[in-house]
Amino acid sequence: MSKKYRSVFSPSTAQERKENFESYWEFTQRHGGELFEEDKDLAVKRAKLKAFKDNPVQLRTPLADPEAFYRNYVDMQDDPATLDRMTLMMTCMYKFARHEWVGIKGAWDVVPDMANSHSIEDKISRVHLAEEFCHVRLFDEILRTFGLDKVEWVPLSPWKEKVYEQFPKFPGFLMDTPAFVTELMGVTFYCHLHALFDDILADEPEVLERVKALLDEITIDEMAHVGQRRNFIGPIGIKISEALVSPFYKMFFNDMPEFDHLFDVQQMIKDGQEFDFNNVPEHMIERSWIPSYCKV
Ligand SMILES: [Fe+2]
Ligand SMILES: [Fe+2]
């Protein structure tokens with residue numbers, strides 16, 4: 001079968017990127033609906049989350065030991081080898097989402113609000129951040145589906161928070177490549193997490209279906225973010241990004257002891273380096289966005 005999409009690292013011209021920003025901006029307004037800036041929320045996403053919350057599902061067999069999660073979710077206290085995979089999967093999701101939350105919290109106060117966004121790139125970035133806040137709400141809902149309704153979103157240590165706050169103030173030529181690789185890492189993680197759900201939740205069909213639906217909402221946005229952040233990058237930056245995948249993924253995953261117990265990190269790195277949208281299911285492609293120069 002011939003491939004429909006090219007590598008996400010494919011070359012592009014400045015003119016193509018300009019047109020793709022316009023195309024993305026049109027997509028993102030349709031996709032998220034009205035921006036509620038004071039709530040860091042979007043109309044379409046809010047309605048979707050409410051529909052999930054109005055129709056909750058529960059585990060057939062409640063968690064045997066929720067305290068194992070609460071004891072380890074902010075900082076791992078136990079030896080991870082002694083924890084069951086369900087608990088590790090949940091602490092892992094929390095930690096990944098928490099990093100995302102810390103990053104966007106720092107950025108939200110630094111980037112221009114919509115009234116002060118004059119370029120199309122600024123407007124895109126504002127809506128992008130609002131979408132990321134919606135992802136934290138969706139992750140919170142995933143954890144609630146497992147019966148974990150006492151999760152707190154805890155800031156990092158003060159100096160780490162400061163580092164995250166400085167990041168969005170960096171000039172584009174320094175910031176754009178790591179920002180792109182971070183989005184790519186998100187998509188890689190969510191694809192592997194999707195497969196892990198099948199494995200760990202085989203005896204919980206209702207919860208399996210629900211958490212996959214919640215995760216798909218996030219992944220569809222993140223795939224569009226991958227394309228959008230790629231669109232900020234020119235010919236030199238895209239080579240740097242490709243070289244950054246392996247060290248960046250390793251640095252991030254090494255920080256979380258869960259990863260080695262749950263995932264094939266080498267395969268995740270390979271998937272990042274080879275990412276091209278061809279393995280994304282059609283129902284997700286339809287709702288997402290791909291740069292024109294990544295299409296055959
Ligand atoms: Fe996200
Ligand atoms: Fe994202």
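Heads up: numbering here begins at 1 and tracks the sequence. All values below come from the heavy atoms of this structure, side chains included, with hydrogens, waters and symmetry mates left out.
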K.L.:
Set out, in order, the CA-CA distance, both residues' side-chain angles and the distance that settles side-chain hydrogen bond (donor to acceptor under 3.5 Å, both in side chains) for R17 and S12, then state yes or no.
P.N.:
CA-CA 7 Å; R17 291 196 298 280; S12 61; 2.9 Å; yes

K.L.:
Between V8 and V226, is there a side-chain heavy-atom distance shorter than 4.5 Å?
P.N.:
yes

K.L.:
Can D140 and W153 be counted as having a side-chain donor-acceptor contact under 3.5 angstrom?
P.N.:
yes

K.L.:
So, for R126 and D113, which heavy atoms are closest and what is the spacing to 0.1 Å?
P.N.:
NE-CA, 3.3 Å

K.L.:
Answer yes or no: is there a donor N or O on one side and an acceptor on the other, between the side chain of D84 and the main chain of M86, under 3.5 Å?
P.N.:
yes

K.L.:
Would F180 and H225 satisfy ring pair (Phe, Tyr, Trp, His ring centres under 6.0 Å), going step by step from the backbone distance to the final call?
P.N.:
CA-CA 8 Å; F180 164 56; H225 293 170; over 10 Å; no

K.L.:
Show your reasoning for whether ring pair (Phe, Tyr, Trp, His ring centres under 6.0 Å) applies to Y5 and F275.
P.N.:
CA-CA 10 Å; Y5 304 104; F275 188 76; 9.7 Å; no

K.L.:
Looking at V245, is its backbone amide N or carbonyl O close enough to the side chain of Q273 to form a donor-acceptor pair, meaning the two atoms are under 3.5 Å apart?
P.N.:
no

K.L.:
A side-chain contact here means heavy atoms from C-beta on lying under 4.5 Å apart; do Y190 and H194 qualify?
P.N.:
no

K.L.:
With a 4.5 Å limit on heavy-atom distance, are the side chains of R98 and V74 in contact?
P.N.:
yes

K.L.:
For D264 and H192, does a side-chain donor sit closer than 3.5 Å to a side-chain acceptor?
P.N.:
no

K.L.:
Check for a donor-acceptor pair, side chain of N20 on one end and backbone N or O of S292 on the other, with a separation under 3.5 Å.
P.N.:
yes

K.L.:
If you measure only the distance, is there a donor-acceptor pair under 3.5 Å linking the side chains of H128 and E131?
P.N.:
no

K.L.:
State which residues pass side-chain hydrogen bond (donor to acceptor under 3.5 Å, both in side chains) with E274; sequence neighbours excluded, sorted by chain then number.
P.N.:
none

K.L.:
Is it true that W289 and T28 share a donor-acceptor pair across their side chains at a distance under 3.5 Å?
P.N.:
no

K.L.:
Mind checking what makes side-chain hydrogen bond (donor to acceptor under 3.5 Å, both in side chains) contact with D198, not counting sequence neighbours?
P.N.:
K212

K.L.:
So do H31 and E26 actually touch side chain to side chain, heavy atoms under 4.5 Å?
P.N.:
no

K.L.:
Minimum heavy-atom separation for G186 and F96, please, with both atom names.
P.N.:
CA-CZ, 3.8 Å

K.L.:
Please report the C-alpha distance between W101 and F133 in whole Å, then the side-chain angles of each, then the deciding distance to 0.1 Å, and finally whether the ring pair (Phe, Tyr, Trp, His ring centres under 6.0 Å) criterion is met.
P.N.:
CA-CA 7 Å; W101 172 70; F133 280 105; 8.3 Å; no

K.L.:
Could you tell me whether the side chain of T82 and the main chain of D78 form a donor-acceptor pair under 3.5 Å?
P.N.:
no

K.L.:
Please examine the side chains of E222 and T188, heavy atoms only from C-beta on, and report whether any two atoms are closer than 4.5 Å.
P.N.:
no

K.L.:
Could you check whether any side-chain heavy atom of E183 comes within less than 4.5 Å of a side-chain heavy atom of Q228, counting everything from C-beta outward?
P.N.:
no

